[in-house]
Amino acid sequence: MTKKLIALLTALVALSLGGCGYNDLQRQDEGIKGAWSEVVNQYQRRADLVPNLVNTVKGYAAHEADVLTAVTNARAKVGTIQATPELVNDPAAFAKFQAAQGELTSALSRLLVVAENYPNLKADGAFRDLQSQLEGTENRITVARKRYIDSVQQYNTTVRSFPTNLTAMLFKMEVKPNFTVENEAAISRPPTVDFGKTPAAPAPAAPAKTSGLRTLPHAA
């Protein structure tokens, strides 16, 4: 087979694959990998804050052992999951990752609620700084997750659409798992601490309405 024939066949194959969405699938897959890396980076940023946060709270509320232990255990559980790019191709592993991160989110929320009971802790500069960093990280997590969700939705649509679905089947490119709507709604609310804000006074109750009818005296 001559070099010219090989080059011609290569060009024909390239044109055929490009027309069937192969290049789109590859580009979108790379987009998912980039979005996933950002999700992992932001979750790692949050995990790195946990030890200092726990130690700071422990200095003022050492007897809140259950809450402190729950946060520590949840962080350890997150650390056991290898969040590699390949994880997004495994629905079971992805669900495990999502559940572990959700558990840490809940544990951190409980820890910050406990902090409300300790005015000296709330006034501690180190705690205030950590809490601010945590809120900022939760916001970054929400943004990163949104980008990942959008990337996966675009890719999955391409995988399922004709004729690119034929190319996807040929190269064993399947739909990828995504964050669930329910969990997205829960995690999109960053945990917050109210640093001494005075609750608003309740609005005065409206006067009771009367029917306008007079009560007639009973007959003797």
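We number each residue from 1, following the sequence as shown. The figures that follow rest on heavy atoms only: side chains count, while hydrogens, waters and symmetry mates do not.
- Leu121 and Tyr60 get closest at one heavy-atom pair: CD1-CD1, 3.5 Å.
- Judged by distance alone, the side chains of Gln44 and Asp48 do bring a donor and an acceptor atom under 3.5 Å apart.
- Criterion: ILVMFWY side-chain heavy atoms under 4.5 Å apart, direct or through other members. Under it, Met173 and Leu170 are part of a common hydrophobic cluster.
- Side-chain atoms of Phe179 and Val39, non-hydrogen and from C-beta on, do get closer than 4.5 Å to each other.
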Could you go through Asn139 and Glu135, starting from their C-alpha distance and side-chain angles, then the distance that decides it, and tell me whether this counts as side chain to side chain donor-acceptor pair (under 3.5 Å)? CA-CA 6 Å; Asn139 289 332; Glu135 283 190 352; over 6 Å; no
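- Judged by distance alone, the side chains of Arg45 and Gln42 do bring a donor and an acceptor atom under 3.5 Å apart.
- Once rounded to the nearest 0.5 Å, the distance linking CG of Asn156 with OG of Ser161 reads 10.0 Å.
- No side-chain heavy atom of Leu87 sits less than 4.5 Å from a side-chain heavy atom of Gln82.
- Summarising the geometry of Ala100 relative to Ile81, their closest heavy-atom pair is CB-CD1, 3.6 Å, with the distance given to 0.1 Å.
- Side chain to side chain, Thr180 and Gln98 meet the donor-acceptor criterion of an N or O pair below 3.5 Å.
- Taking both residues in full, the closest heavy atoms of Val88 and Pro177 are given as O-CD, 2.8 Å, listed atom of the first, atom of the second, then distance.
- Within the 3.5 Å criterion, the main-chain N or O of Thr84 finds a donor-acceptor partner in the side chain of Trp36.
- Side-chain contact annotation: Glu30 with Gln26, donor-acceptor N/O pair under 3.5 Å absent.
- Here the CG atom belonging to Asn117 is positioned 8.5 Å from the NZ atom belonging to Lys122, to the nearest 0.5 angstrom.
- In the model, Tyr155 has no side-chain atom that pairs as donor or acceptor with a side-chain atom of Asp29 under 3.5 Å.
- Formation of a donor-acceptor pair under 3.5 Å by the Asn55 side chain with backbone atoms of Pro51 is found in this model.
- In this structure, a donor-acceptor pair under 3.5 Å is absent between the side chains of Tyr43 and Arg140.
- Although no hydrogens or angles enter the test, the distance criterion places a donor-acceptor pair under 3.5 Å between the side chain of Thr56 and the main chain of Asn52.
- Taking both residues in full, the closest heavy atoms of Leu68 and Val57 are given as CD2-CG1, 3.9 Å, listed atom of the first, atom of the second, then distance.
- With hydrogens and angles ignored, the 3.5 Å screen pairs no side-chain donor or acceptor of Arg75 with any backbone N or O of Arg46.
- Look at Asp124 and Arg128 and you find no salt bridge, because none of the NZ, NE, NH1 or NH2 atoms lies under 4.0 Å from a carboxylate O.
- The OG1 atom of Thr72 lies 14.5 Å from the NZ atom of Lys77; values are rounded to the nearest 0.5 Å.
- The only member of Val152, Thr157, Asn89, Val159 that meets side-chain contact (heavy atoms from CB on, under 4.5 Å) when paired with Val175 is Val159.
- Salt bridge absent: Arg147 and Asp150 never bring a charged side-chain N and a carboxylate O closer than 4.0 Å.
- Taking each heavy atom of Gly31 and Ser151 in turn, the nearest pair found is O-OG, 4.1 Å.
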Dump the intermediate steps for side-chain contact (heavy atoms from CB on, under 4.5 Å) on Leu49 and Gln133, then the final yes or no. CA-CA 8 Å; Leu49 292 173; Gln133 291 184 55; 3.3 Å; yes
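- By the 4.5 Å heavy-atom criterion applied to side chains, Leu134 and Glu138 are counted as neighbours.
- Judged purely by atom type and a 3.5 angstrom limit, Thr69 has no side-chain atom pairing as donor or acceptor with the backbone of Asp66.
- When side chains are defined from C-beta on, Asp24 does not count as touching Thr167, because their heavy atoms never get closer than 4.5 Å.
- The two residues Gln28 and Thr158 have their closest heavy-atom pair at OE1-OG1, 2.8 Å.
- Between the side chains of Glu38 and Tyr148, no donor-acceptor pair of N or O atoms lies under 3.5 Å.
- Counting heavy atoms from C-beta outward, Phe127 and Leu112 have side chains that approach closer than 4.5 Å.
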